[in-house]
Amino acid sequence: MRCSAPGWRSSTARQGFGLGGFDLAGEPLGERTRVATAGPTTWTLNAVLTSDGRAWIVFDAVVGTTTEELFLVEVDQTAPSGPPDSIRLTEDDGFLSKYSISMSTSVPATLR
């Protein structure tokens, strides 16, 4: 399975990301499954794939919120088709809840 970039656009032109698989030769196993709406400020996705075929993905986005908030989505490719529901994990309190890497002096200069 792979997650495509948040800038991927569906036919409805809403930004989001999808999940898809590849065979051992690197060929797609079918169409990507649209996972969730995201946006231009969604840079980081964290995903866990379980042995029962589910993917759990956490990401940040402005989706019906005033600022970036954290969302969780479970993708079960054995379940009926249709986009899964995103669960907002953080309160829409006006403060950023965003994954970020601080580029402070504690980060080696070669990584900045």
Inset, instruction - Quick one: pull up CG in Asp76 and CZ in Arg54 and give me the separation to the nearest 0.5 Å. - result: 6.5 Å
Inset, instruction - For residues Asp93 and Phe95, report the shortest heavy-atom separation together with the two atoms involved. - result: OD1-N, 3.0 Å
Legend entry - Nearest atoms (heavy-atom pairs only) where Thr66 meets Gly94: OG1-CA, 3.7 Å
Inset, instruction - Assign the ring pair Phe59 / Phe17 to parallel, tilted or perpendicular, where the plane angle (0 to 90°) is split at 30° and 60°. - result: perpendicular
Legend entry - Interatomic spacing from CD1 in Ile87 to CD in Glu74 - rounded to 0.5 Å: 8.0 Å
Inset, instruction - With the side chain counted from C-beta on, respond yes when Leu89 and Phe71 share a heavy-atom pair under 4.5 Å apart, and no when they do not. - result: no
Inset, instruction - Any chance you could measure Asp60, atom CG, to Asn46, atom CG, to the nearest 0.5 Å? - result: 9.5 Å
Legend entry - Any side-chain heavy-atom pair of Val35 and Ile57 under 4.5 Å: yes
Inset, instruction - State the CG-CG distance between Leu72 and Asp85, to the nearest 0.5 angstrom. - result: 11.0 Å
Legend entry - Spacing of Thr44 atom OG1 and Glu68 atom CD [to the nearest 0.5 Å]: 11.0 Å
Inset, instruction - State, to 0.1 Å, how close Ser97 and Glu69 come at their nearest heavy-atom pair, and which atoms those are. - result: OG-OE1, 3.0 Å
Legend entry - Atom pair CG (Leu70) and CZ (Arg88), whose distance is rounded to the nearest 0.5 Å: 10.5 Å
Legend entry - side-chain contact (heavy atoms from CB on, under 4.5 Å) between Val62 and Thr67, worked out: CA-CA 6 Å; Val62 178; Thr67 60; 5.5 Å; no
Legend entry - Heavy-atom pair with the smallest gap, counting every atom of Ser86 and Ala36: OG-CB, 3.5 Å
Legend entry - Smallest separation among heavy atoms of Ala25 and Asp23, with atom names: N-OD1, 2.9 Å
